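Report on one structure; see the data block that follows.
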Amino acid sequence: MKKLIVGNWKMNPQTTRDAVKLFKDVVREARTITKASVAVCAPDMYLNPLAALKEKKVSLGAQDLFWEKEGAFTGEASGAMIANSGAKMVIVGHSERRARGESDEDIARKVKAALAAKLIPILCVGERERAGEGEHISFVTAQLTAALKGLPRVDASHVVVAYEPIWAIGKQAKRSATKEEGLEMAIVIRRTLAHLFTRPVAESIPILYGGSVDEKNAKDFLFDAGMDGLLVGRASLSAKTFGGIVRTANTGI
Ligand code: 13P
């Protein structure tokens, strides 16, 4: 499968003008890319103006959705709203949202709502810390099971999973995961997906790595850690750095 490189802009940038500029710069960086798919998950209010640029090379995504279809839910955005704003995908269960109270049940509902709106859910999983022997394995397996159990196989094949070890995310992270740690979790996630669905379905689900990815370590995760792509935070806010990561995915160097 083609490598999938997704930028998660989080709560950046602060103006539509800056969002349009960053997006156009990313499109320019991605222009010659043929062997990787590129997407950017932007704040909701930038989706319409970015979609209006009608760029084909870089897909758009949102960073969250609500599971209800419509009604009295102040501040929420439905799957249909997001899809109608030009997004093709949506991040679900990011650790920064889980940390603010999102539960496994909420996340399972959001996965279903995304699929119902024909959006690809990018389901984020990952342990807070590496504590005892193998605890991270049972933790991530439980997160995947809670979010995906009971999903019809046809739906499951439209899901993307992102492994984001919380201890490796953000400015305060002491280090990124190693490629060995990534490989172990790619195997654990694939095995869990095969158990929940079937092996062919599990093999069709892209597994991304996210957690302090930069131009230096992108290659390790893409080509030595069994990952099908990357979910990039800070480094996606520089078109040049993000472009470098995308080129690595495209060429393998
Ligand atoms: P950083 O790449 O900034 O560590 O963020 C990772 C992340 O949370 C992507 O969703």
Side-chain angles (χ1 to χ4, degrees), residues 3-14 19 22-23 26 29 36-44 46-47 58-65 82 87-100 102 107 110-111 114 119-130 136 139-140 143-144 147 159-179 181-182 185-186 189 206-222 225 227-246 248-249:
K3 300 289 185 190
L4 171 62
I5 309 299
V6 183
N8 176 8
W9 285 0
K10 306 192 179 182
M11 202 169 71
N12 299 290
Q14 300 307 309
L22 177 56
F23 188 72
V26 169
E29 293 285 338
S37 307
V38 185
V40 157
C41 292
D44 285 352
Y46 301 146
L47 293 174
V58 180
S59 306
L60 281 170
Q63 300 173 8
D64 184 35
L65 81 166
I82 289 166
K88 298 271 178 283
M89 53 191 79
V90 57
I91 295 172
V92 175
H94 192 280
S95 60
E96 287 153 14
R97 299 201 57 81
R98 290 183 191 254
R100 302 183 67 249
E102 198 161 279
I107 290 161
K110 289 183 177 193
V111 168
L119 291 164
I120 293 170
I122 304 177
L123 169 68
C124 297
V125 294
E127 75 283 2
R128 183 158 297 284
E129 57 189 2
R130 290 273 166 135
H136 57 287
F139 185 83
V140 168
Q143 278 186 325
L144 280 169
V159 171
V160 171
V161 173
Y163 172 59
E164 300 211 327
I166 299 169
W167 50 267
I169 292 179
K171 264 197 217 121
Q172 72 293 340
K174 288 192 190 73
R175 64 174 182 94
S176 167
T178 62
K179 56 186 172 189
E181 287 165 333
M185 293 314 288
I189 291 168
I207 303 174
L208 315 183
Y209 174 77
S212 299
V213 174
D214 57 26
E215 277 173 293
K216 290 191 205 85
N217 63 15
K219 183 167 174 273
D220 286 351
F221 290 106
L222 285 169
M227 296 288 175
D228 304 304
L230 304 168
L231 184 54
V232 185
R234 277 156 301 156
S236 71
L237 296 174
S238 153
K240 198 165 157 283
T241 309
F242 190 61
I245 294 170
V246 166
T248 298

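Everything numeric here is computed off the predicted structure, so don't read it as measured data. Note that ligands are numbered from 1 as they come in the structure, with each ligand's atoms numbered from 1 the same way. We count residues from 1, following the sequence as given.
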Element-labelled atoms of ligand 1 that are located less than 4.0 Å from some non-hydrogen atom of H94 = 7 (C), 8 (O), 9 (C), 10 (O)
request  = Look at atom 9 (C) of ligand 1 and say which protein heavy atom is nearest, naming residue and atom and giving the distance to 0.1 Å.
outcome  = E164 OE2, 3.0 Å
ask   = Who passes salt bridge (Lys or Arg N to Asp or Glu O under 4.0 Å) against R130, sequence neighbours left out?
value = E127, E184
task = Show which atoms of ligand 1 fall inside a sub-4.0 Å distance from at least one heavy-atom site of R234.
result = 1 (P), 2 (O), 3 (O), 4 (O)
query = Going by the atom numbers of ligand 1, which of them fall below 4.0 Å from some non-hydrogen atom of S212?
reply = 1 (P), 2 (O), 4 (O)
remark   = For K10, the ligand 1 atoms with a heavy-atom partner under 4.0 Å come out as 5 (O), 6 (C), 7 (C), 8 (O)
ask   = Of all the atoms in ligand 1, which lie at a distance below 4.0 Å from a heavy atom belonging to L231?
value = 9 (C), 10 (O)
ask   = For the residue pair A87 and L119, what are the closest heavy atoms and their distance?
value = O-CD2, 3.3 Å
note = So the atoms of ligand 1 within less than 4.0 Å of a heavy atom of N8 turn out to be 9 (C), 10 (O)
Option among L208, V213, T248 that satisfies the side-chain contact (heavy atoms from CB on, under 4.5 Å) test with L230 = V213
ask   = If you measure every N/O of A235 against every N/O of ligand 1, is any gap under 3.5 Å?
value = no
task = Describe, in one word, how the ring planes of Y209 and F221 are oriented to each other, choosing from parallel (under 30°), tilted (30 to 60°) and perpendicular (over 60°).
result = parallel
message = With a heavy-atom distance limit of 4.0 Å, tell me whether K171 approaches ligand 1 through its side chain, its backbone, both, or neither.
response = neither
query = Does CZ belonging to R175 count more than 12 external heavy atoms closer than 6.0 Å?
reply = yes
query = Counting both backbone and side chain atoms, is some N or O of G170 under 3.5 Å from an N or O of ligand 1?
reply = yes
ask   = More than 12 non-hydrogen atoms from neighbouring residues, nucleotides or ligands closer than 6.0 Å to NZ on K10, yes or no?
value = yes
Qualifying residues under side chain to side chain contact (heavy atoms under 4.5 Å, CB included), relative to D228, sequence neighbours excluded = M1, R190, P206, I207
query = Is there a donor in the side chain of E164 and an acceptor in the side chain of H94, or the other way round, less than 3.5 Å apart?
reply = yes
request  = Identify, for atom 2 (O) of ligand 1, the protein heavy atom at the shortest distance, and state residue, atom and that distance.
outcome  = G233 N, 3.0 Å
